[in-house]
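The basis for the numbers below is simple: all heavy atoms, side chains too, and nothing from hydrogens, waters or symmetry mates. Labels below follow one simple rule: chain letters A, B, ... track the order of the sequence lines, proteins then strands, and each chain is numbered from 1. A quick note: this is a predicted structure, and the numbers were derived from the prediction, not measured.
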2 protein chains.
Amino acid sequence: MAKKNYQREDVLDKVITLFWQQGYAASSVQQITKATGLKPGSIYHEFESKEKLFQEALARYASSSIGSIHQKMANTSNVNEGIKQILTDLIEQSKACDYCGCFLIKTQLELASQGNSLYKFASEQLANIEKIYTQYLSLTYSEVQAKAYAAQLMTVIFGIRIYGYQADSANTIIQTINALLPWLNEH
Amino acid sequence: MAKKNYQREDVLDKVITLFWQQGYAASSVQQITKATGLKPGSIYHEFESKEKLFQEALARYASSSIGSIHQKMANTSNVNEGIKQILTDLIEQSKACDYCGCFLIKTQLELASQGNSLYKFASEQLANIEKIYTQYLSLTYSEVQAKAYAAQLMTVIFGIRIYGYQADSANTIIQTINALLPWLNEH
DNA sequence: AGCTTTTTTGAACAATCATTCAAGTGGTGT
DNA sequence: ACACCACTTGAATGATTGTTCAAAAAAGCT
């Protein structure tokens, strides 16, 4: 077979799972070939290097995450309700036994010390997500207030993503969020 | 020289820096020998394996962190003031150009997927820290309230630890904390 | 059919990985 | 002075790392 027997996006999705769970350094090319079904040669033919592959997987994850935010916002009656829905879904995710937090956060932590460009990318994407929340909150609140609320929201989301690793944390987290972000229940 | 020309704790301190910055997988034995000045043979003579060495380094970091909490609490007039001091110090740390967050959190994220025992240890230590905060808060508040506040505090601390990676985040974080944890300014 | 192009294959690459070990070194106790 | 012990040394271990490449295989084009 000389024609591609795979699709770039399918490969990326499988590779996202691997990198997301194990991180960059702990994911070997051997594991990548097993997870995707592609031989090393094909991997390097399609994606220049392990780093480039990771970069692309991370970018796909980021754009999917951002898309998911917009979608959830569109499906709810108002901004605060949308944010509450997003937070609820985050908590739901943390119940899974194979919970592995947020790919962007993990990448940021793993690769920060190396001054790696992947770190910068992850960091920028997280900053971008904050900006998106700021824009949505600007629909209801003043610009200053929206910025402040978005920063609070990001801090709490970061907190949840780490707290979620604790056993049986879901119930506690819900109450914690309500206490930390009382303005979410306005209206 | 046939007598030890190093001290266990000095080696651990140097190794903590390395593992803390780079994580477990990305830190090679070669780097460990360079950072400590010990040859591979000595490392394995003193510490059974890379994993055992990491374990011990992480334990030392954890007990040092906990000690630091108690110390700061002892040096301030009341519990809330102590917590504010701890948070202020966290923010100060995040200004450093080689900021690398919290070793326990990083370990938890890196090693969670492997069901590694190091992950459990890190997770337990973080839970332990929450318990410590709960005890301190119980001096001022009811047991229920103290538990709730401690959970909020941990969530915010986790949030700060991640948010701290964003460029120039220190000023924003201070305002965010004041908004998220208004009860810190009681009295 | 024949030529070109694209993709797959799987072995092979040098480098690095964590770990081991026999030999060397020097202080301690007798 | 001698044996013993604790520790250091540095080379060597086999396994695994990320990456390359020549050869094969299949489709498109003329």
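With sequence neighbours excluded, no residue satisfies side-chain contact (heavy atoms from CB on, under 4.5 Å) with Ser63(A). Partners of Lys131(A) according to the salt bridge (Lys or Arg N to Asp or Glu O under 4.0 Å) rule, which considers only residues two or more places apart in sequence or in another chain, do not exist here. Under the side-chain contact (heavy atoms from CB on, under 4.5 Å) criterion, His70(B) pairs with Ile66(B), Ile132(B), Tyr136(B), sequence neighbours left out. Listed by chain and residue number, nothing satisfies the salt bridge (Lys or Arg N to Asp or Glu O under 4.0 Å) test with Lys120(A) (two or more places apart in sequence, or in another chain). Residues passing the side-chain contact (heavy atoms from CB on, under 4.5 Å) test with Ser142(B), sequence neighbours excluded: Val144(B), Gln145(B). Residues meeting the side-chain contact (heavy atoms from CB on, under 4.5 Å) test with Glu56(B), sequence neighbours left out: Arg8(B), Leu12(B), Phe47(B). Not counting sequence neighbours, the partners of Glu92(A) by the salt bridge (Lys or Arg N to Asp or Glu O under 4.0 Å) test are Lys95(A). Applying the salt bridge (Lys or Arg N to Asp or Glu O under 4.0 Å) rule to Asp89(A) yields the partners Lys72(A); only residues at least two apart in sequence or on another chain are considered.
Taking atom CG of Leu38(B) as the reference point, atom P of dC7(D) lies 12 Å away to the nearest angstrom. What separates NZ of Lys4(B) from P of dC5(D) is a distance of 18 Å, to the nearest Å. Rounded to whole Å, the distance from CD on Glu46(B) to P on dA6(D) is 13 Å. Following rounding to the nearest Å, Phe47(A) (CZ) and dT7(C) (P) show an atom-to-atom distance of 12 Å. Separating the CD1 atom of Ile32(B) from the C1' atom of dG10(D) is a distance of 17 Å, rounded to the nearest angstrom. One can place NE2 of His45(B) at 14 Å from C1' of dT20(C), the figure rounded to the nearest angstrom. Spacing between atom CD of Gln22(B) and atom C1' of dT16(C) amounts to 15 Å, rounded to whole angstrom units.
Close placement of the Phe103(A) and Phe54(A) rings is indicated, their centers lying within 6.0 Å of each other.
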May I have the list of side-chain donor-acceptor pairs in residues 171-178 of chain A shorter than 3.5 Å, sequence neighbours left out?
unit_1, atom_1, unit_2, atom_2, d
Thr176(A), OG1, Thr172(A), O, 2.9
Asn178(A), ND2, Ile174(A), O, 3.4

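In terms of position on DNA chain C, the residue among Gly41(A) and Ala26(B) whose nearest nucleotide sits closer to the 5' end is Gly41(A).
Rounded to 10 degrees, the angle between the two end axes of the helix from dA1(C)-dT30(D) to dA12(C)-dT19(D) is 0°, with five pairs used at each end.
Among the atoms of the strands shown, only primed sugar atoms or phosphate atoms (P, OP1, OP2) are found under 4.0 Å from some heavy atom of Tyr6(B).
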For nucleotides 17-19 of chain D, tabulate all protein N/O to nucleotide N/O atom pairs closer than 3.5 Å, reporting atom names and distance.
unit_1, atom_1, unit_2, atom_2, d
dT17(D), OP1, Ser28(A), OG, 3.4
dT17(D), OP2, Gln30(A), OE1, 2.8
dG18(D), OP1, Ser27(A), O, 3.4
dG18(D), OP1, Lys50(A), NZ, 2.8
dG18(D), OP2, Val29(A), N, 2.7
dT19(D), OP2, Tyr44(A), OH, 2.3
dT19(D), OP2, Lys50(A), N, 3.0
dT19(D), O5', Tyr44(A), OH, 3.1

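Close to dT7(C), at under 4.0 Å from its OP1 or OP2, lies no side-chain N or O of Asn5(A). Considering only side-chain N and O atoms, Lys39(B) lies nowhere under 4.0 angstrom from the phosphate OP1 or OP2 of dT8(D).
The CD atom of Gln22(B) lies 10.5 Å from the OG1 atom of Thr17(B); values are rounded to the nearest 0.5 Å.
Of all the residues in residues 52-61 of chain A, not one reaches under 4.0 Å from DNA chain D with any non-hydrogen atom.
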